[in-house]
Amino acid sequence: MFCQVIIDIVHENVASPFTYRIPDGMDLMPGQRVAVPFGRREKEGIVLSLSETCDLDENRVKDVLRPLEDYAAIPPELLILAEQMAQDSHCPLAETLRLMLPAQMRGGRVHVKTERTAQLAVSSEEAEAAAEKEKRSPKRASLLRILADGEIHPVKELAAAVKDPNEALKKLAADGLITLSDEETLRTPGSSFARPEDPGFTLTTGQEEALEEILPCLKGKGGRFLLHGVTGSGKTEVFMAAVRSVLALGKSAIILVPEIALTPQMVAWFRGRFGPVAAVIHSRLSPGERFDEWRRIRRGDARVVIGARSAVFSPARNLGLIVVDEEHETTYLSDHHPRYDAREVAIRRCERENATLILASATPSVLSFARARRGDYMLLEMPRRVQDRPLPEVEIVDMREELEQGNRTVLSYALRKALKDCAARGEQAMLLMNRRGYNSFVSCRTCGYVVKCPNCDVSMTYHVGSEDGLLRCHYCGNAVKPPVTCPECGGKYIRYFGAGTQKVEEEVQKLLPGVATARMDYDTTGGKDGHGKILEEFRSGRARILIGTQMIAKGLDFPRVTLVGVIAADMTLNLPDYRSRERTFQLLTQVAGRAGRGETPGRVIIQTYKPEDPVIGFAAAQDYRSFFEDEFTRRRRGLYPPFTLLARFLTESPREEQAVAAADQLEAEVRRLIEAHPAWGRKLLLISNDAPGVKVLRGKCRRHVLMKMLVGPEADAMIAEMTEMARRPFEGTDVWFEVNPTTMM
Ligand code: ADP
Ligand code: ZN
């Protein structure tokens, strides 16, 4: 027998499978990991397929050295998925296969803890009879009686009942009465399991109607749903009920959530609800714990997997359901190699494995909602909050008027008053400020010079800290002391402009002395469990006002929050990206939805310099439909995705002329390509070649060739060619090719 093996090396020359002979007596199956000779070294690989014969000169075919496990690390469904993904994104199979395995399985770093166990090898009657005959050794007799239940018993446990059982066990094994083996033991993170509990809610009409559609699909061949429910409509309860039903059917489920939602509370809550059949995969797990969770899933011991985007590749057995919660989040897109969209992967898996897909959000992505309208997904709507709690009242404050009235601070009069009232009532508030630091930029009053990062073409942000403040670059992390005089003109009037979360926190503390605040942004959430600690401080009520960047908008449920303030709603609206309107609507609606989730109704204040912008109005009214119609029309008119595809080559080099040369060469090649294929050219609507928003990043000059194409087979063909183009080496230049990139900077 022969097998085709993908070697675990990402390199063009080793992209296709290599054939090896399977030595007599070795049993292998597709998906199994093997050690094989490769060149002069030993390498790890994955068996793709088996064959009786081999086209090559058999004398030159080498033997597989050994299997690395006695099971297929990659089950057949995932093997197919990896192949499809490699084909679609034109990348080596070795690269997509890596997505399917925990990192510590590669490179022989697996450390499996084992435990000696004993189990009966004969029937319990025979064991009883043998125990009767064991007059000479009472030890062996007692061991046989314990083992007569047929269960697997750890030797450690037997030793508690029978002193020093090892010799006796060996004799029993030699007589063929029992078998001794080494069972893997698993590190279960936070292993004290609470017993599964059901909150026993009476479902709302909305929840019931949604489940009426979903449950029959779980039994059958699956279905695809977009669950659009306003914030606080109880979407979580819908998929919890679906998961319970999946488990009852003997199937398994994967629940994807944004990483930020995986706080220790959330993890405890999932475990509490599902007990040991739940595996939770999050970034705070140690590599060993992660590997063990993976094995519990692979063995079928864990049948509910909760995790961030990479959990979509979990080897869940007999998959019945994938839920993507907060499906509009950009965290579902991976921008490392290989790039993937966890939602698209989920669609694929569900289709192949006859599982049901639920995408859930209060603010679905334009793409998903458009698909639902077209009939690709069944749309389930939950327009009302649980217990008919009202949606929060939203007020828009025009910051231009505040300026006219002489208010130069970041907090409007209305927000100041609301914060005071909220604090006086002992309730909690959240303030969204989508920029970290204290001041957003530092500039010379005399000549207008703005301090920029020496490595990047962006202005630096002032941060207050334990020492004197520092200017920090938000792109590369570089930090410098702020200048005392202007480096350009020597002027003495250096001024600090714009505000960030630190400044907002300071103003709140000035306004409400003695009221505890917490700040959640990139700066305060570093380290192990940074998010969790801050959220716990707020949840427990120790902190009364939470100030943060968009991190605070994501699906958090704090019943005591009655006030939400948005400090600068336009900040995301002005970004040079076709998605900025969608992101702004989502951010505002989501953060507004954090208010009034408990008994007391909520209030929201949105501060803006552009109160007339329709996006602000739609968000204030929590009117998703109107937003969608408006945005969909705008995208159709402007020929933006989903009507078109955007693609770009990004070149980066320490030397500007090299970055430019690479971009020029790529542009020329694209032009030649469409000359050769006029039908493709008709679908390429635009091609431009210039510097992106950030011209220099981490000391490298950047250019991009931006293209817009009409969706269709011609675009797919062009993208395949372009992927190849970008793979070639360019002198001194890094080249990336991106399709619908997550950022245009
Ligand atoms: P969403 O994700 O739709 O914003 P959640 O699922 O977080 O909303 O639910 C909001 C709150 O309502 C949660 O505290 C949840 O425990 C509670 N809840 C959900 N369903 C019910 C129900 N049927 N009856 C009472 N409370 C419910
Ligand atoms: Zn920088």
Practice prompt. Any chance you could lay out the side-chain contact (heavy atoms from CB on, under 4.5 Å) test for L97 and L79, step after step, and finish with the verdict?
Written response: CA-CA 7 Å; L97 283 170; L79 204 54; 3.8 Å; yes
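- Using a 4.0 Å cut-off between charged nitrogen and carboxylate oxygen, R66 and E42 count as a salt-bridge pair.
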Worksheet entry | Audit row: F538, Q428, side-chain contact (heavy atoms from CB on, under 4.5 Å) steps and yes/no | CA-CA 9 Å; F538 193 55; Q428 289 186 305; 3.5 Å; yes
Discussion item. Go through it in stages, so that I can follow the logic: the residues are S365 and Y332, the test is side-chain contact (heavy atoms from CB on, under 4.5 Å), and I'd like the CA-CA distance, side-chain angles, deciding distance and then a yes or no.
Written reply: CA-CA 12 Å; S365 60; Y332 289 120; over 6 Å; no
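- The two atoms that bring E151 and H153 nearest to each other are O-CD2, 3.2 Å, heavy atoms only.
- Paired with D734 under the rule salt bridge (Lys or Arg N to Asp or Glu O under 4.0 Å), one option of K700, R698, R727 passes, and it is K700.
- H328 and T363 get closest at one heavy-atom pair: CB-O, 3.2 Å.
- No hydrogens or angles considered: a donor-acceptor pair under 3.5 Å links the side chains of Q4 and S49.
- Within the 3.5 Å criterion, the main-chain N or O of Q550 finds a donor-acceptor partner in the side chain of N434.
- A donor-acceptor pair under 3.5 Å is absent between the side-chain atoms of S314 and the main chain of A316, judged by distance alone.
- In this structure a side-chain-to-backbone donor-acceptor pair under 3.5 Å is present from R317 to R298.
- Considering every non-hydrogen atom in both L333 and R309, the closest pair reads O-NH1, 3.0 Å.
- Within the structure, every pair that satisfies the salt bridge (charged side-chain N to carboxylate O under 4.0 Å, His left out) test and touches residues 79-97, not counting sequence neighbours, is listed here: D88-R348.
- Put simply, CG on D164 and CG on L158 are 12.5 Å apart, with the number rounded to the nearest 0.5 Å.
- Closest heavy-atom contact between T231 and G593: OG1-CA, 3.2 Å.
- Between F38 and Y20, a ring centre-to-centre spacing not shorter than 6.0 Å is recorded.
- In plain terms, the two heavy atoms of F737 and R339 that are nearest each other are O-NE, 4.2 Å.
- Taking 4.0 Å as the cut-off between side-chain N and carboxylate O, E293 and R296 count as a salt-bridged pair.
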Discussion item. Determine whether R98 and D8 satisfy the following criterion, salt bridge (charged side-chain N to carboxylate O under 4.0 Å, His left out), listing intermediate values before the conclusion.
Written reply: CA-CA 8 Å; R98 283 181 186 176; D8 186 20; 2.8 Å; yes
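- With F291 as the aromatic partner, R295 meets the cation-pi criteria of under 6.0 angstrom to the ring centre and within 45 degrees of the ring axis.
- The side-chain heavy atoms of M26 and P67, taken from C-beta on, include a pair separated by under 4.5 Å.
- Residue R116 places its CZ atom among more than 12 non-hydrogen atoms of other residues, nucleotides or ligands, all under 6.0 Å distant.
- Checked by atom type and distance alone, the side chain of Q119 never pairs as donor or acceptor with a backbone atom of I178 at under 3.5 Å.
- S540 contributes a side-chain N or O that, together with a main-chain N or O of E536, makes up a donor-acceptor pair within less than 3.5 Å.
- Between D523 and R472, no side-chain nitrogen of the basic residue sits less than 4.0 Å from a carboxylate oxygen of the acidic one, so the salt-bridge criterion is not met.
- Taking 4.0 Å as the cut-off between side-chain N and carboxylate O, R224 and E327 do not count as a salt-bridged pair.
- Of all non-hydrogen atoms in G250 and R303, the two that sit nearest each other are C-NH1, 3.3 Å.
- Of the charged side-chain nitrogens involved, none lies within less than 4.0 Å of a carboxylate oxygen, so that R352 and E77 do not count as a salt-bridged pair.
- Judged by distance alone, with hydrogens and angles left aside, the side-chain atoms of R290 form a donor-acceptor pair with the main-chain N or O of H282 at under 3.5 Å.
- Using a 4.5 Å cut-off on side-chain heavy atoms (C-beta onward), L81 and F313 make contact.
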Practice prompt. Please lay out, stage by stage, how T461 and Y438 fare under the test side-chain contact (heavy atoms from CB on, under 4.5 Å).
Written response: CA-CA 7 Å; T461 307; Y438 191 87; over 6 Å; no
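- One finds the CD1 atom of I347 at 10.0 Å from the CD1 atom of I322 (value rounded to the nearest 0.5 Å).
- A donor-acceptor contact shorter than 3.5 Å is absent between the side chain of Q32 and the backbone of I46.
- Remark: N455 CG to N478 CG distance equals 5.0 Å, nearest 0.5 Å.
- Looking at heavy atoms from C-beta onward, I281 lies in side-chain contact with I297 at the 4.5 angstrom threshold.
- Of the inter-residue distances, the one linking R273 atom CZ with I306 atom CD1 reads 11.0 Å to the nearest 0.5 angstrom.
- Atom OG1 of T549 and atom OH of Y522 lie 11.5 Å apart (nearest 0.5 Å).
- Between the T524 side chain and the D521 main chain, a donor and an acceptor come within less than 3.5 Å of each other.
- Of the possible polar contacts, none joining the T525 side chain to the M520 backbone as a donor-acceptor pair under 3.5 Å is found.
- E329 places no side-chain N or O within 3.5 Å of a backbone atom of E326 that could act as its donor or acceptor partner.
- In summary, D325 and K235 do not engage in a salt bridge, as defined by a charged side-chain N under 4.0 Å from a carboxylate O.
- Rounded to the nearest 0.5 angstrom, S361 OG and L227 CG are separated by 9.0 Å.
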